[in-house]
Amino acid sequence: MEKKLLTKYWHDPNHKMLDGYLKNGGYTAIKKALGMEPDAVIEEAKQSKLRGRGGAGFPAGMKWSFIPKKTDKPKYVVCNADESEPGTFKDREIIHKDPHSLIEGIAICAWAVQSHTAFIYIRGEFTEEAKMLERAIQEAYDHGYLGKGICGTAFDLELILHRGAGAYICGEETGMLESLEGKKGQPRNKPPFPATEGLFQCPTVINNVETLAVMPWIVLNGGAEYAKLGTPDSTGTKLVGISGPVKRPGVYEIEMGMPLMTFINELAGGMIEGKTLGAVIPGGSSTPPLTPAQCEQAKISYESLDKLGSALGTAGIIVLPDDFSVIEAMTVIARFYADESCGQCTPCREGTGWLYKTMKRIYAGKGAAQDLQMLSHISAGMKGRTICALADAAAWPMEGFLRTFPEAFQKAVTPKQAR
Amino acid sequence: MQLKPETKTKIKALLERYPQRQATLLPVLHLVQEDFGYLSDEVEELVAKELDIPRAAVSEVVTFYTMFYREPIGKYHIMACHNLSCTLMGAEKLIQHLEHRLGVKSKAPLGETTEDRRFTLTRVECLGACGEAPMMQINDKYHLNLTIEKIDKILEELP
């Protein structure tokens, strides 16, 4: 049922240490990559058709190819380990069980784009995970996989672990760059894109933990081999997390295209006793919810979830039981985005605040019929009108909940005596 | 008030590692907060001097990020997640229990501190451990799959 490329050795407790990683074939991919032309490595990444696993799904190989070849500026690689989208906890698992595959993936990326300095930006709350990575990085330095002349070649690579300090917005790639530069994590206007003017105004590639950690497999087995897995638009495997009242919540690696209900019922064991499926948020809290009927049609892939009006996002599935109020769920989601708006753009700062205030009022039973129109109106006014996608990420679930559960919202704004 | 000599040495090492001075600000603030417990005006001033950057550049960063504290907090900072996955698994009941047990109100971005300065109870957004909800963080450590009984035991066993 699971398809284990990245997670193949996760049962082995020694795999997180360098010795265990080497025994399981670790650091052979970077050696192979260093024997290839950098462009050939980018070509493998492109052929894999791997889409960035941070949520936006932009093709990773293409992102690498945007880094200018001829430039006098230094180039940087930044690994986004600021995992913060509610419902998402896969990168934390990679760090716990397989930190060296991430370091090796970063080295492969650095060689491909010819960068000599890389950063891992890890969310501040992941203190234990930062210690785990720090230890793995030190092991890699001690054994010549990082530092001057990696793997006995003339290629130098420094890797710096950088801790955030509690701000969801720093997971947005240009917010992250600002934060790395020692500033407030407020996103930048694009263009210029990070590929040409990123960290310290230099060409920068930013990839999610999972994207980088699967690169060793792609280099060893070939991009074409990876692309054979999954579906044409969603190649390969995906780490999918599931939380909520299911029997076996957790992270599972599956081949893209698996029916959502197969995942929920067979891998996650179905709902816990006494609970019935009410709705599913398929890819982190910014993705619109699915009804049980939609879940029956859904497959875990970019295209299938797009078609159903939702998105794969980070593939952090949140399962809502039918006895949990969708009004409460949306209120919690609205609070989150209001809390995390960086305050830079008015439609987002004000819009997320109004969505939350209005949802709170409705949840408290004090809503009025016109509140529902107002929620739609505010959401429409937020989308595509801001520097980054946080406003959209707040508006999508709002519109999704209104569209998917109109009766529940209608009932919530109807005075009790009239129901 | 002065920065500790060990901290100054660590800052020097960071400055050598990073391509630009201001880029060391977050790691430096983490270090300094560990020494002083929180970041007062005076500490901000020290950091600005040490890095040779404007005081305003330090202040705007300190006030932007939730993990930098502008006031003293309890010995144990309890950060209870109240995002969706944790709420689905009963987080609100656990937070109410904590409020009742400690006699303080939970709040975001920084909650109340008990009179004996032992606990601060803060509500936080998703900490990225949803598969083991409900959860909370106490100082650096994650506590997962919580129940009221488990929380009581954790609090009783704290030194």
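Here is how names work: the chains are called A, B, and so on, in the same order as the sequence lines, proteins then strands, and each is numbered from 1. Side-chain atoms are counted along with the backbone in the values below, which use heavy atoms only and exclude waters and symmetry mates.
- Taking A:F89, A:F324, A:F126 one by one and counting their heavy-atom pairs under 4.5 Å with chain B, the maximum is reached by A:F89.
- Among the candidates A:G124, A:G250, A:P86, the residue making the largest number of heavy-atom pairs closer than 4.5 Å to chain B is A:P86.
- Counting heavy-atom pairs closer than 4.5 Å to chain B, the top residue among A:T127, A:D339, A:I318, A:I169 is A:T127.
- For A:E125, the parts lying under 4.5 angstrom from a heavy atom of chain B are both the backbone and the side chain.
- Here B:S85 is the residue among B:A108, B:S85, B:C86 with the most heavy-atom pairs under 4.5 Å with chain A.
- Salt bridge A:E178/A:K184: absent, no basic N to carboxylate O contact under 4.0 Å.
- A:S179 touches chain B through backbone and side chain together, each having a heavy atom under 4.5 Å away.
- For chain B, the nearby parts of A:C342 are the backbone and the side chain; heavy atoms of each come within less than 4.5 Å.
- The greatest number of non-hydrogen atom pairs below 4.5 Å with chain B, out of A:G166, A:G244, A:A165, is found for A:A165.
- Of the residues considered (A:E128, A:R335, A:K183, A:E340), A:R335 shows the highest number of contacts with chain B, using heavy-atom pairs under 4.5 Å.
- Looking at A:L161, the atoms closer than 4.5 Å to chain B (heavy atoms on both sides) all sit in the backbone: N, CA, C or O.
- Looking at B:Q22, both its backbone and its side chain come within 4.5 Å of chain A, counting heavy atoms on both sides.
- The minimum heavy-atom distance linking A:G164 with A:Y121 is given by the pair CA-OH, 3.3 Å.
- Most heavy-atom pairs under 4.5 Å with chain B: of the set A:G241, A:P245, A:S84, this distinction falls to A:P245.
- No side-chain donor from either of A:E83 and A:T88 sits under 3.5 Å from a side-chain acceptor of the other.
- Residue A:R163 touches chain B through both its backbone and its side chain, counting heavy-atom pairs closer than 4.5 Å.
- Looking at B:D116 and B:K75, no side-chain N of the basic residue comes within less than 4.0 Å of a carboxylate O on the acidic one, giving no salt bridge.
- Atom NZ of B:K93 has 12 or fewer heavy atoms from other residues, nucleotides or ligands within 6.0 Å.
- If you tally non-hydrogen atom pairs under 4.5 Å between each of B:C130, B:P109, B:C126 and chain A, the highest count goes to B:C130.
- Neither the backbone nor the side chain of A:R248 comes within less than 4.5 Å of any heavy atom of chain B.
- Contacts with chain A were tallied for B:T24, B:V124, B:L84; B:L84 has the most, counting heavy-atom pairs under 4.5 Å.
- Residue contact with chain B, scored on non-hydrogen atoms closer than 4.5 Å, involves the side chain of A:K131 exclusively.
- Only the backbone of A:I242 comes within contact range of chain B, with at least one heavy atom under 4.5 Å from a heavy atom of that chain.
- Between the side chains of A:H96 and A:E129, at least one donor-acceptor pair of N or O atoms lies under 3.5 Å.
- Taking the six-membered ring for Trp and the full ring otherwise, the centers of B:F68 and B:H30 sit less than 6.0 Å from each other.
- Here A:K90 does not pair with A:E85 in a salt bridge; the nearest charged N to carboxylate O distance is not below 4.0 Å.
- B:S106 and B:E99 share a side-chain donor-acceptor pair at under 3.5 Å.
- Both the backbone and the side chain of A:F336 come within contact range of chain B, with heavy atoms under 4.5 Å apart.
- If you measure heavy-atom distances from A:L199 to chain B, you find no contacts under 4.5 Å at all.
- With contacts defined as side-chain heavy-atom distances shorter than 4.5 Å, the pair B:Y76/B:L158 qualifies.
- Checking A:E328 against A:Y363 by side-chain atom types alone, a donor-acceptor pair falls below 3.5 Å.
- Ranked by heavy-atom pairs under 4.5 Å with chain A, the first of B:V61, B:L29, B:V62, B:T63 is B:V61.
- Heavy-atom distances place no part of A:V251 under 4.5 Å from chain B, backbone and side chain included.
- Both the backbone and the side chain of B:A129 come within less than 4.5 Å of a heavy atom of chain A.
- With no hydrogens or angles considered, a side-chain donor-acceptor pair links A:Y141 and A:E158 at under 3.5 Å.
- No side-chain heavy atom of A:I317 sits less than 4.5 Å from a side-chain heavy atom of A:V246.
- Contact of A:Y168 with chain B is not made at all, since no heavy-atom distance falls under 4.5 Å.
- Ranked by heavy-atom pairs shorter than 4.5 Å toward chain A, the options B:I53, B:N139, B:T66, B:L25 are led by B:T66.
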Next item on the list: Apply salt bridge (Lys or Arg N to Asp or Glu O under 4.0 Å) to the pair A:R53 and A:D91, showing each step before the final yes or no.
Entry: CA-CA 10 Å; A:R53 300 306 196 211; A:D91 296 339; over 6 Å; no
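- Classified by interplanar angle (parallel below 30°, tilted 30° to 60°, perpendicular above 60°), the ring pair A:Y76/A:F119 is tilted.
- Contact count against chain A (heavy-atom pairs under 4.5 Å) is highest for B:H82 among B:H82, B:E132, B:K141, B:Q20.
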